[in-house]
Visitor: 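Would you mind keeping the following structure in view while I ask a few things?
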There are 2 protein chains.
Amino acid sequence: MAALDGCVVPEPDAARVAATRDRLVTPDEATRLAELFRLLGDPTRARLLYALLEAGELCVCDLADAVEVTDTAVSHALRLLRTAGIVASRRAGRMIYYRLADAHVRMLLDLSREHLKETG
Amino acid sequence: MAALDGCVVPEPDAARVAATRDRLVTPDEATRLAELFRLLGDPTRARLLYALLEAGELCVCDLADAVEVTDTAVSHALRLLRTAGIVASRRAGRMIYYRLADAHVRMLLDLSREHLKETG
DNA sequence: ACAACACCTGAAGAGCTATTCATATGTGCA
DNA sequence: TGCACATATGAATAGCTCTTCAGGTGTTGT
């Protein structure tokens, strides 16, 4: 791409860009990070996760009730979150209880609320 | 929420009620949070943001070079991030320098990398 | 065994999104 | 003023995603 040649005159910028490219997340890592955020970036899934953040552990039917969507939609959503390692599940009889997978996910959800508070 | 039906406190004191209300996420708030995550949940935008996280401040053409996408695509991506308050811009001559908008965004990006490292 | 229940899965269509092309705006320089 | 550069914008299409529907699996109680 010729954008670099036209934009960066041989000046401090060139060194900065080179240094940036070295420390840049690899395409693979960026893709996986985007995938993580993409999974949080759906209203239904986000509401499920924040419900779990507050309640700690909920079964599918309780989640469907809390988020006000069909249990099928909840099940589809939870499958994506589960296979991505964002939530974990535990069977108790015929019910399956879901919870947030780890502390990082909890911190992520908390931090984003902070951002929302300050930016309106 | 059905899971909390048993948690009836006869005389809720004001402080705890306030704290609880502060902790609760309304459907509207969850939807806005999902919108925030959705914007981070695209490979191009994610790579732009991580480039800014590491470089501090970059112009559009430098970003296009770093992420290896056309400057038009970068411009479109930055517009979404800018209007959402995720990045901020500063004009210097004919170039426009972009940076992450606030510390919460930076922490968010850092935290998600931690999550990725630990979960594989 | 059977029925009821809680949950899961595959397929399909409506709706949304990201990229591209073409064009426009704004800035610096001669 | 005219030109080159850096970035922004609008429109359109290809590709993706969420929801729904229909049916499937596993569990409990009778």
Visitor: Could you check if a side-chain atom of B:Leu52 sits within less than 4.5 angstrom of a side-chain atom of B:Tyr98, using non-hydrogen atoms only?
Guide: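 In short, these two side chains touch, coming nearer than 4.5 Å.
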Visitor: In whole Å, I'd like the distance from the CZ atom of B:Arg90 to the P atom of C:dT27.
Guide: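 For the pair B:Arg90 CZ and C:dT27 P, the rounded distance is 15 Å.
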Visitor: Measuring from atom CG of A:Leu36 to atom CD1 of A:Ile86, what distance do you get when rounded to the nearest 0.5 angstrom?
Guide: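 It is 5.0 Å, given to the nearest 0.5 Å.
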Visitor: Between B:Arg38 and C:dT17, is there a contact of a side-chain N or O with OP1 or OP2 at under 4.0 Å?
Guide: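 Result: yes.
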Visitor: Take nucleotides 1-8 of chain C nucleotide by nucleotide from the 5' end and write B, S or -, depending on whether a protein heavy atom sits under 4.0 Å from the base, only from the sugar-phosphate, or from neither.
Guide: ---BBSSB
Visitor: Starting from the C-alpha separation in whole Å, work towards a yes-or-no answer on side chain to side chain contact (heavy atoms under 4.5 Å, CB included) for B:Leu111 and A:His104.
Guide: CA-CA 7 Å; B:Leu111 211 60; A:His104 284 122; 4.2 Å; yes
Visitor: From CG of A:Asp42 over to P of C:dG15, roughly how many Å is that when rounded to an integer?
Guide: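 The answer, rounded to whole Å, is 17 Å.
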Visitor: Between A:Thr44 and D:dT19, is there a side-chain N or O to OP1/OP2 distance below 4.0 Å?
Guide: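 For D:dT19, OP1/OP2 do have a side-chain N/O of A:Thr44 under 4.0 Å.
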Visitor: Applying salt bridge (charged side-chain N to carboxylate O under 4.0 Å, His left out), can you list everything that pairs with A:Arg32, at least two apart in sequence or on another chain?
Guide: none
Visitor: Is the shortest distance from a Lys or Arg side-chain nitrogen in B:Glu54 or B:Arg113 to a carboxylate oxygen in the other one below 4.0 Å?
Guide: yes
Visitor: So does B:Arg45 get a side-chain nitrogen or oxygen closer than 4.0 Å to the phosphate oxygens (OP1/OP2) of C:dA18?
Guide: yes
Visitor: Measure CG/B:Leu48 against P/D:dT7 and give the value in whole Å, please.
Guide: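 Taking CG of B:Leu48 and P of D:dT7, I get 13 Å after rounding.
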Visitor: Hydrophobic clustering (ILVMFWY, side-chain heavy atoms < 4.5 Å, transitive) - are B:Leu49 and A:Leu116 grouped together?
Guide: yes
